[in-house]
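These notes concern the structure reproduced below.
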Protein chains: 2
Amino acid sequence: MERTKPTIIDVARAAGVSPSTVSRVLNGTTAVDAAKAERVHVAVARLGYVPNAFARSLLGHAGRWVGVLVPQLADEFYGRVVTGIEDGLKQGGFQMVCSLGHGERSTEAEAIAMFVEARVAGLVLVSDHVPDRDVLALARARHPIVLVNRVIPELAAHAIRIDNVYSGALATRHLLGLGHTRIAHVAGSLNRTGARERLEGYHLALREHGIARDDRLVFEGDFSEEGGREAMTRALDSADFTAVFAANDRMAAGAIAAIREAGLRTPDDISIVGFDNTAISRFTYPALTTVDYPVTSMGRRAADHLLQLIAGADPPPLPLIQPRLVERDSTCAPGEMR
Amino acid sequence: MERTKPTIIDVARAAGVSPSTVSRVLNGTTAVDAAKAERVHVAVARLGYVPNAFARSLLGHAGRWVGVLVPQLADEFYGRVVTGIEDGLKQGGFQMVCSLGHGERSTEAEAIAMFVEARVAGLVLVSDHVPDRDVLALARARHPIVLVNRVIPELAAHAIRIDNVYSGALATRHLLGLGHTRIAHVAGSLNRTGARERLEGYHLALREHGIARDDRLVFEGDFSEEGGREAMTRALDSADFTAVFAANDRMAAGAIAAIREAGLRTPDDISIVGFDNTAISRFTYPALTTVDYPVTSMGRRAADHLLQLIAGADPPPLPLIQPRLVERDSTCAPGEMR
DNA sequence: TGACCTGCTGAAAAGCTTTTCAAGGAAAGG
DNA sequence: CCTTTCCTTGAAAAGCTTTTCAGCAGGTCA
């Protein structure tokens, strides 16, 4: 019973004109006799004709689609990246096609293969697991590509990411500026570049202030709330400090819970700085001082850059983003009652 | 300099066989002489040939793509829906193509038009603004469609949504069960169906317990944190109650802040129940008792249903979801110290 | 040895739209 | 009134892959 979709030929027959004329009416490429145009419109409406994008694209018309690959969307972070990207693309008349990589190499590879087959005009890859080699192969095949949060030396000009070292130092300097000298760090999984860089920034800031490095103040977590709680529990058991820099907001939230469970107060007894400025940081108690990861605007800039690449322009290299700190209620001077 | 992409004909020429043979090697449809197959593989690799999905799809091969339209992805909620949908689709061998509607009718209409032109195999529409009439037109044109969180009577069998009345009653009954009798409600924007239904559930539960309806205990918010804080401030000024049911977690978080600012404690002085079970509810202090909106699994079921529609099956109607309550630390019996 | 089957291969058609080319008619100008 | 030009239109080709059909070679069976 599956009636097949009407084609431009059916419309032409119904309107008593040639397919070329129908095409012209629909695309407005050439003037067409008003009466015929009207007949075409009527026929289109009556038959429910929708031009076949495949046939059109087959003509070599550049697709107006851009592929976007993100690891996941279950938490807010990547959703905000995608929002920025989509905004930029839409502005330029492109549509986003978004796929999830789930942090698995094979899944990501499949998604990218689909994009390539679909002849997308360009690609945005957000911090994915596909090996550098494959990404470079894509780039060499003249696919416009922009990377978010990933370093591949050859593509550095087309990668936008946050300056993690600077950011880690920024958070730590804030605590140092308040007068803290014993500052712990709840790190992310140290097999992740970002986590290592934030740790490096933490060390950098301490060194600037002439404070000796003490690895017993660094506790590795896994970017999860539970990991943060657990790392902080270990910290409270084994070390002596008045402030903590946590490598993301989730862990900071877990750390706050651990501090409370230990019968201490934030920030009175222990100040804490998070990282990301996700919704979480507004809802913890006390509200979290954190590093603002300007993730939506980074997505936006990635999209703008990509549009230029697609247009054949040679845009200036994408910058390393230096974020700012958002002060809320989880930090104060040591010993100060607040 | 833009070298055009190699076609199957180029590969055939390079391998010294016909295009048909190349197609057969690549798709494995028919046995091919091993030596020739090898030559084809070599040629494909050397030329970097990628089959053109448009040409393939033009043959009427059903596309393996499904269009998904969501309002936005900037907060966690829709991200989780999408995660569930994508999971289900991938399971069935389909790829998700996701677009954002931004709650605007024209944007949504454009996205849907793109999906239709791309000949997606089906559509999942999440709570969108396109008028019923247009959705019905799509359905009549034999597009498999599943709706999430939206009621269109003619498509009720293909719509999955939460039972808001039941849910509102569930939250309220929990408070009643603890012994509360003066229970306030911080409602969502009452021009939204969901908000009105939750309010209805609240009234229903009170009636069950023989408690007279008192409209002075209902305060309209706007689903935002700030709206919740403000509604709760008004509530504390004007009414007398020992518990609150807030129509979502964001407003509940705002309400908790307002309670704290008023010098009261949660749950000792005022118990509070939220709605959604988003990450927020784990991070507030005290952690929020809330209605678990099983949003990922709903997305998953929507996808499964759609896959059946695409396969031409006639799946059983999608259910109205009755969620369960997640008890955390924001509720206790009135007067009880906790 | 001849008829028949099997396995592999190439030619050609189908699928739908856009665009180029050529032609027809009408209008304008001499 | 004839020629030139412009406007509109239809025919046909291009774009790329899959699939059907027919053919060919080699082997099998009687």
Side-chain angles (χ1 to χ4, degrees), chain A residues 2-41 43-44 47-65 113-114 116-121 141, chain B residues 2-41 43-44 47-65 113-114 116-121 141:
Chain A
E2 179 71 10
R3 205 174 7 142
T4 121
K5 293 195 191 277
T7 73
I8 200 171
I9 300 182
D10 300 322
V11 176
R13 197 170 309 147
V17 297
S18 75
S20 341
T21 302
V22 176
S23 172
R24 283 187 271 255
V25 171
L26 264 36
N27 298 300
T29 42
T30 315
V32 169
D33 178 76
K36 285 186 182 165
E38 180 53 25
R39 292 213 307 274
V40 169
H41 284 302
V44 165
L47 298 175
Y49 168 71
V50 177
N52 185 326
F54 295 127
R56 178 180 291 165
S57 306
L58 192 52
L59 275 295
H61 281 260
R64 305 251 76 187
W65 295 5
M114 178 198 75
V116 172
E117 287 197 18
R119 299 290 199 266
V120 293
Chain B
E2 180 71 8
R3 205 174 7 144
T4 118
K5 297 201 188 268
T7 73
I8 201 171
I9 299 181
D10 301 322
V11 175
R13 197 170 308 148
V17 298
S18 74
S20 341
T21 303
V22 176
S23 172
R24 282 187 271 255
V25 171
L26 263 36
N27 298 300
T29 42
T30 315
V32 169
D33 178 75
K36 286 186 182 165
E38 179 55 24
R39 292 213 306 274
V40 168
H41 284 301
V44 166
L47 297 174
Y49 168 70
V50 177
N52 184 324
F54 295 126
R56 179 179 292 165
S57 305
L58 191 52
L59 275 297
H61 282 260
R64 305 249 77 188
W65 295 5
M114 177 198 76
V116 172
E117 287 197 17
R119 298 291 199 266
V120 294

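Chain letters run A, B, ... following the sequence lines, proteins first, then strands; residues in each count from 1.
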Run A:S18 and A:T21 through side chain to side chain donor-acceptor pair (under 3.5 Å) and show every step you take. CA-CA 5 Å; A:S18 75; A:T21 302; 3.2 Å; yes
Closest approach to the side chain of A:N27, judged atom by atom: which nucleotide of C:dT18, D:dT17, C:dT9 is it? C:dT18
By nearest-nucleotide position on DNA chain D, the 5'-leaning member of B:R24 and B:V50 is B:V50
Identify the residue among B:V25, B:L26, B:D10, B:I8 that makes a side-chain contact (heavy atoms from CB on, under 4.5 Å) with B:V44. B:L26
Between P on C:dT19 and CG on A:L26, what's the gap in Å once rounded to a whole number? 13 Å
B:S57 and B:R119, any side-chain heavy atoms less than 4.5 Å apart: no
By a strict heavy-atom criterion of less than 4.0 Å, which residues belonging to residues 7-20 of chain B are in contact with DNA chain C? B:V17, B:S18, B:S20
By the 4.0 Å heavy-atom rule, please label B:V32 as base, sugar-phosphate, or nothing. sugar-phosphate
Between A:T21 and D:dT9, does any side-chain N or O lie under 4.0 Å from OP1 or OP2? no
May I have the distance from B:N52 (atom CG) to D:dT18 (atom C1'), rounded to whole angstrom? 13 Å
Would a distance-only check, ignoring hydrogens and angles, find a side-chain to backbone donor-acceptor pair under 3.5 Å from B:N52 to B:F54? yes
Exam field: side chain A:N27 to backbone A:T29, donor-acceptor pair closer than 3.5 Å: no
Within less than 4.0 Å of OP1 or OP2 of C:dC8, is there a side-chain N or O belonging to B:K36? no
Over all atoms of both residues, closest heavy-atom pair of B:A14 and B:L47: CB-CD1, 4.2 Å
Taking CZ from A:R119 and C1' from D:dT17, how many angstroms apart are they, rounded to a whole number? 11 Å
Shortest non-hydrogen contact from A:P19 to A:A12? N-CB, 3.5 Å
Atom CZ of A:R56 and atom C1' of C:dG15 are separated, to the nearest Å, by 16 Å
If you assign each of A:Y49 and B:A34 to its closest nucleotide in DNA chain C, which residue comes earlier from the 5' end? B:A34
Rounded to whole Å, CG of A:L58 lies from P of C:dT19 at a distance of 13 Å
